[in-house]
Amino acid sequence: MSSRTAFGIPAFRRLWGAGLISDMGDWLLFIALPLVVFQISGSALGASIAFLLELVPAIVLSPLAAMLAGRFDRRWLMAFVNVGQALALLPLLFVHSAAELPLAYAVILVHASLSTLFEPAKNSLLPDLVDVDRLVSANALIGLNQNLGRLIGAPLGGILLAMGDLGLIVAVDAVTYIVSACLIISLPARPMAPRKPGEPASMGVLAALRIPRLRGAYAVILISSIAQGMFLVLFILFVLGPMGGTDADVGLLRGVQAVGAIGAGIALGLLIRGSSPRALTISSLFFFGAISLITWNLPLLTTQLIPYVVLFAVVGAPGVVMMTGLMSVLQAETTNTQRGAVFAAVGLISAIGQIAGILLSGFADAGLGLVSLLEVQGGLYLAAGVIAFVMLPRHPKTVAGSDASDDSVVASAADEGESGA
C-alpha cells in the first residue's frame, strides 16, 4: 500500500520523520513556555503576550523567508534552522523569576522567527521528493505528523514541566531539533531547477501575491485564518457560556480534535488515491462550516457533553483535508523559483488573518455578542468554500521547473533513499 503513496519514497519518509520530531519539540515549547510565563508573572496578560509573539515574525520576516527558500539549498536551510532552534533554547536555563521574563519572551520570538523560515522551505522542498500524483498523499501525511506531534508533544510538555524545572524541557526539546536536523541533512541532494533566461533567482512576497492563478487560494487562506483566529477565543467563551461546561471540558474538546485530524491524515495519506486538491478544498470548507454552525447552535437542544465530544472529534478532519488540498494546489501551480515566496506569502496571510480573527472576537463583549460572532465564524468557512469553488484552478497544471513531475528524478531520489536508509 505504501509504495503507491508518498510513504513509499524513502526520502519523504525521512522528511516526515524529521517533521514529526520537530513538531513534537514545537509543541513541548508551545505548551510549557506560556505556562512558565504565567506561573512566574501571575498574569494572563503575560501569557497572552507569549501567544501573540508567535504570530509577529510571520508578518515581519516573510520577505526574508521567501528569499532564503528561493536562493539556498532547502535541506541545509531547514537543518540550520533546527540547530538554531536548539541553541535558542539555552537562555531559558536562566529564567527563574519575573526579572528574567524578557529572556523567555526573546526565546519565543526567536523560535517563532525560525519557524517562519522553516515552513516555506519545507513546503517548497516537498515537490522535489514526490511526484505530482502523490502530492495529496504527501501533504496529508505532513498534516498527520503535525497532529501526532501535538498529541504527543503537548501532554509531554506538561508532564516534563511537572517532573522538573524548565531545564528538563530545554534538554528534551533541544534533542528533538538536533535529531530532526540530522534526518533532513540525510535527504538526497537536489540541484535547483534551471531558470529561464532573465528569470530572477528568487521571487519576492509581493510578486508572489500578484500571481493571478493563486488569488483564490490566498483568499481562502485569509478567510479561513480569520475564522481560526476567532475560534481560539470564542471556543473558550462558548464552552464556559452557552454550553455550560468547565475548564476540564475546554481541554477535552480541544484535544479530541486530533482524533478526526489523525483519521483524515491516515485516510488521505495512505488509503485514498487520485483525489482532486480542488475538490478536497471545496468539500472540506463546506463541511467545516456546516459542522461549526451545528455545534454553535446545539445548546438550543442540549448541553450534554457527549454530542460535543463527537462533533469536535469530527471537525478535526476537514481542517487537515482543507490544508492538504490548498498546499497541493499551491505546489502544483508554482515553479521551483516561485515556491519559497508563495509559501512565505501563505504564512504572512495566515498570520494577518488569525490576528484579525482574534481582534474581531473581542467584540463578543460588545454590541455584536457571542452568539452572533459564532454564527459569523461558521459562515466564514462557507464563504471560503464558495470562493474556492469559483476561483481555485479547475485544471491544475504541472508547471515548468517542477522537479516533482519528473518520475525518473523521483525514482532516483527513492533509490538513493533506499541505499542510505
Side-chain angles (χ1 to χ4, degrees), residues 23 26-27 30 34 48 50-59 62 112 115-116 119 123 139 142-143 146-147 149-150 154 216-239 250 253-258 260-261 264-265 280-296 311-327 330 343 345-364 368 370 372-388:
D23 285 333
D26 287 342
W27 276 96
F30 184 76
S48 298
F51 283 115
L52 287 175
L53 286 174
E54 293 276 349
L55 298 174
V56 172
I59 297 174
S62 58
S115 294
T116 296
E119 288 302 314
N123 287 320
N139 283 298
I142 292 295
Q146 289 171 345
N147 281 282
R150 176 174 67 176
Y218 290 150
V220 169
I221 291 168
L222 176 63
I223 293 173
S224 59
S225 295
I226 293 173
Q228 175 62 20
M230 294 177 69
F231 173 84
L232 293 174
V233 178
L234 298 180
F235 160 72
I236 298 174
L237 300 179
F238 170 78
V239 175
V250 171
L253 294 176
R254 197 73 170 93
V256 297
Q257 286 182 284
L280 289 174
T281 304
I282 295 169
S283 59
S284 64
L285 285 165
F286 283 124
F287 188 66
F288 216 151
I291 292 293
S292 296
L293 291 174
I294 290 171
T295 302
W296 305 146
L311 286 170
F312 274 91
V314 170
V315 84
V320 168
V321 176
M322 175 186 69
M323 292 310 300
T324 296
L326 282 171
M327 294 301 102
L330 291 169
F343 286 109
V346 167
L348 170 65
I349 294 168
S350 178
I352 291 174
Q354 287 189 57
I355 290 173
I358 291 171
L359 295 176
L360 184 58
S361 64
F363 288 99
L368 289 179
L370 175 61
S372 296
L373 284 175
L374 288 170
E375 301 287 355
V376 169
Q377 193 270 349
L380 284 174
Y381 284 117
L382 299 180
V386 172
I387 291 173

Any idea which heavy atoms bring [X] and [Y] closest together, and the distance?
X      : Y      : value
Gln228 : Tyr381 : N-OH, 3.8 Å
Ala258 : Asn147 : CA-OD1, 4.4 Å
Gly229 : Ile358 : O-CG1, 3.6 Å
Ala388 : Thr281 : CB-CG2, 4.3 Å
Ala219 : Ile387 : CB-CG2, 3.9 Å
Val220 : Ala384 : CG2-O, 3.6 Å

Out of curiosity, [X] [atom1] to [Y] [atom2], how far, rounded to the nearest 0.5 Å?
X      : Y      : atom1 : atom2 : answer
Met327 : Leu280 : CE    : CG    : 13.0 Å
Leu373 : Trp296 : CG    : CH2   : 11.5 Å
Leu222 : Gln354 : CG    : CD    : 11.0 Å
Ser224 : Leu285 : OG    : CG    : 6.5 Å
Met323 : Ile221 : CE    : CD1   : 6.0 Å
Ile226 : Leu359 : CD1   : CG    : 10.5 Å

Residues which pass side-chain contact (heavy atoms from CB on, under 4.5 Å) with [X], listed by chain and number, not counting sequence neighbours:
X      : answer
Phe287 : Ile291, Val314, Pro318
Ile236 : Leu240, Val250
Ala112 : Glu54, Pro57
Ile352 : Ile59, Leu348

Phe312: what forms a ring pair (Phe, Tyr, Trp, His ring centres under 6.0 Å) with it, not counting sequence neighbours? Phe235

Taking only residues two or more places apart in sequence, or in another chain, which ones meet Phe343 in a ring pair (Phe, Tyr, Trp, His ring centres under 6.0 Å)? none

Just wondering, do Leu382 and Leu293 contact through their side chains at under 4.5 Å, heavy atoms? yes

For Glu119, check side chain to side chain donor-acceptor pair (under 3.5 Å) against everything at least two apart and list the hits. Lys122

Is the backbone N or O of Val346 less than 3.5 Å from a side-chain atom of Ser350, with the two atoms forming a donor-acceptor pair by type? no

